[in-house]
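Worksheet: one structure, shown below.
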Amino acid sequence: MFAARHWREIPRRYRMEAGKCTTCGKVFFPSRLICDACKNKEFETVTLPDEGEILTYTVIRTPPSGFEDEAPYAVGIVKLGDVQLLTQIVDCEFDKLAVGGKVRVEFRRIQESGKSGILCYGYKCVPA
Amino acid sequence: MEGIVGYGAYIPVHRIKVEEIAKVWGADAPSYKRGLMLEEKSVPSPDQDVITMSVQAARYAVKRAGIDPKKIGNIYIGSESHPYAVKPSGTVVAEAIGCTPDVHCADYEFACKAGSEGMFVSYGLVKAGLVEYGLGIGADTSQGAPGDALEYAASAGAAAFIFGRENVLATVDATASYMTDTPDFWRREHQFYPRHASRFTGEPAYFKHTVGAGKMLLEESGMKPEDFQYATFHQPNGKFPMRVGKMLGFTPEQIKQGWLVPKLGNTYSGASPLGLTAILDVAKPGDKVFMVSYGSGSGSDGFVFTVTERIKKVQDLGPKTWDQLNRQKYLDYGTYAKFRGKIHKLEVK
Ligand SMILES: [Zn+2]
């Protein structure tokens with residue numbers, strides 16, 4: 001069920017909680033069961049920094065269903081601390097986007113499950 | 001003594017100018033600008049709503065308060081544009097700032113007064129000793145029907161305040177509430193746009209209730225208008241707060257810092273609370289602040305605050321209100337209509 005899946009991801013999507021390996025210190029977002037570097041199974045919860053930089057980006061002009069009204073929009077791989085993640089970059093001008101550009105995390109609506117389903121919230125980036 | 005320990009403001013980056021709206025409907029922009037003292041208004045992005053703006057404002061408030069969010073005992077969000085008809089906005093916001101599960105949560109509604117209600121009850125719970133910290137938020141992404149006078153003003157923004165007993169940045173010295181049944185503005189269930197009783201929204205509604213609460217507040221505090229450095233009022237347009245300030249004996253100089261509406265528009269539940277954030281951004285220790293909200297239906301809540309030494313340490317810990325207001329991206333009417341969900345792309349199945 002869509003609502004249950006979204007609910008399980010709340011700590012990661014709302015608060016950017018990641019897992020930090022208690023042995024080697026590697027940070028995973030989302031967290032995982034076994035560290036791929038040292039095979040340790042214990043992680044502490046850490047929060048990702050709310051500022052980072054763009055590693056690469058593209059502009060989506062032919063969007064998947066459910067995102068028709070949003071196109072065109074930018075999507076990027078962003079580095080926040082030790083973690084790289086895929087996210088929308090919003091409130092930006094496409095011709096001013098650049099690799100290395102500074103961004104800041106904001107809380108936004110990610111998706112709505114149709115006209116009557118739940119509203120899904122989470123993180124996106126805006127130019128810093 | 002009880003008071004505000006942290007505050008935060010959020011204003012979306014997009015704006016539309018009065019001229020751009022007037023052009024589409026054949027209206028006379030200069031007369032709107034003169035008559036209502038409005039120049040432009042904020043517009044939320046398609047992925048912004050009361051919940052997202054409240055989270056941003058609340059995060060800045062937590063940062064300024066410098067507290068563990070787990071100690072927040074209540075969260076009250078006042079709005080007339082809560083994203084869900086049934087399901088509280090506060091649940092999402094509480095989860096996002098990390099103050100669940102030991103927290104009392106409710107959404108408030110009273111047209112544009114809902115934000116100050118959340119503040120009032122948060123302060124009351126702190127004063128009663130029921131919670132250590134209380135969070136009250138006023139936020140709206142209100143819409144006016146296309147071509148209606150409201151379309152020139154209805155805008156978006158959020159302000160959040162954390163109340164507590166220790167380390168306050170402003171004490172609450174007096175409060176007042178003034179309320180009667182006055183049908184000046186309303187929206188029935190399942191209606192998308194609100195309706196208003198045009199000129200009836202003035203004298204018997206906005207002015208009577210704002211002056212009513214304002215006079216109670218002066219009496220309660222034993223203070224005179226000239227004792228205050230700043231005053232802020234509900235601001236549905238540029239003219240009303242200046243006029244009601246004058247009626248109560250305040251000068252334009254006292255009102256100006258919190259008078260955001262010419263550039264921001266009417267943020268409904270966020271209006272006077274955002275005015276207060278703009279004042280706190282520049283206030284000095286010892287400054288007295290006078291605030292009266294107004295919500296159609298109708299009622300007003302008022303507060304008298306005294307700013308403390310701690311203000312200097314927190315002002316720079318979050319984005320300032322006027323800085324957010326002065327950073328803007330302008331939209332044409334077509335993009336604005338798309339952003340506000342007035343038009344949609346055809347879905348090809
Ligand atoms: Zn490891």
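Within every chain, numbering begins at 1; the chains are lettered A, B, ... in the order of the sequence lines, protein sequences first and strands thereafter.
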Worksheet item: Below 4.5 Å, heavy atoms only, C-beta onward: do B:Tyr10 and A:Glu106 meet side chain to side chain?
Response: yes
Worksheet item: Say you draw a straight line from CG of A:Leu119 to CD1 of B:Ile51; how long is it, rounded to the nearest 0.5 Å?
Response: 6.5 Å
Practice prompt. Measure A:Glu17 against the heavy atoms of chain B and call it side chain, backbone, both or neither at under 4.5 Å.
Written response: neither
Discussion item. On a heavy-atom basis, which atom in A:Pro72 and which in B:Lys338 lie closest, and how many Å separate them?
Written reply: CD-NZ, 4.4 Å
Discussion item. Quick check on B:Val55 against chain A: is it the side chain, the backbone, both or neither that has a heavy atom closer than 4.5 Å?
Written reply: side chain
Worksheet entry | B:Asp148 CG: over 12 foreign heavy atoms closer than 6.0 Å | yes
Discussion item. Which residue is it: A:Gln111, A:Arg109, A:Glu112, A:Glu70? I am looking for the one with a side-chain contact (heavy atoms from CB on, under 4.5 Å) to B:Asp47.
Written reply: A:Arg109
Worksheet item: Mind checking whether A:Glu68 and B:His344 have side chains closer than 4.5 Å, heavy atoms only?
Response: no
Worksheet entry | Contact class of A:Cys92 relative to chain B, heavy atoms under 4.5 angstrom | backbone
Discussion item. Counting only non-hydrogen atoms closer than 4.5 Å, does A:Val90 touch chain B with its backbone (N, CA, C, O), its side chain (CB onward), both, or neither?
Written reply: side chain
Worksheet, complete the sentence: CD of B:Gln48 to CG of A:Asp91, rounded to nearest 0.5 Å, is 5.5 Å
Discussion item. Taking the side chain as everything from C-beta on, heavy atoms only, tell me whether A:Ile118 gets closer than 4.5 Å to B:Tyr84.
Written reply: yes
Worksheet item: Is a side-chain donor-acceptor pair under 3.5 Å present for A:Tyr121 with B:Glu95?
Response: no
Fill in: Where A:Asp69 and B:Lys345 come nearest, the two heavy atoms and their spacing
OD1-N, 2.9 Å
Worksheet entry | Sub-4.5 Å side-chain heavy-atom contact between B:Met53 and A:Phe107 | no
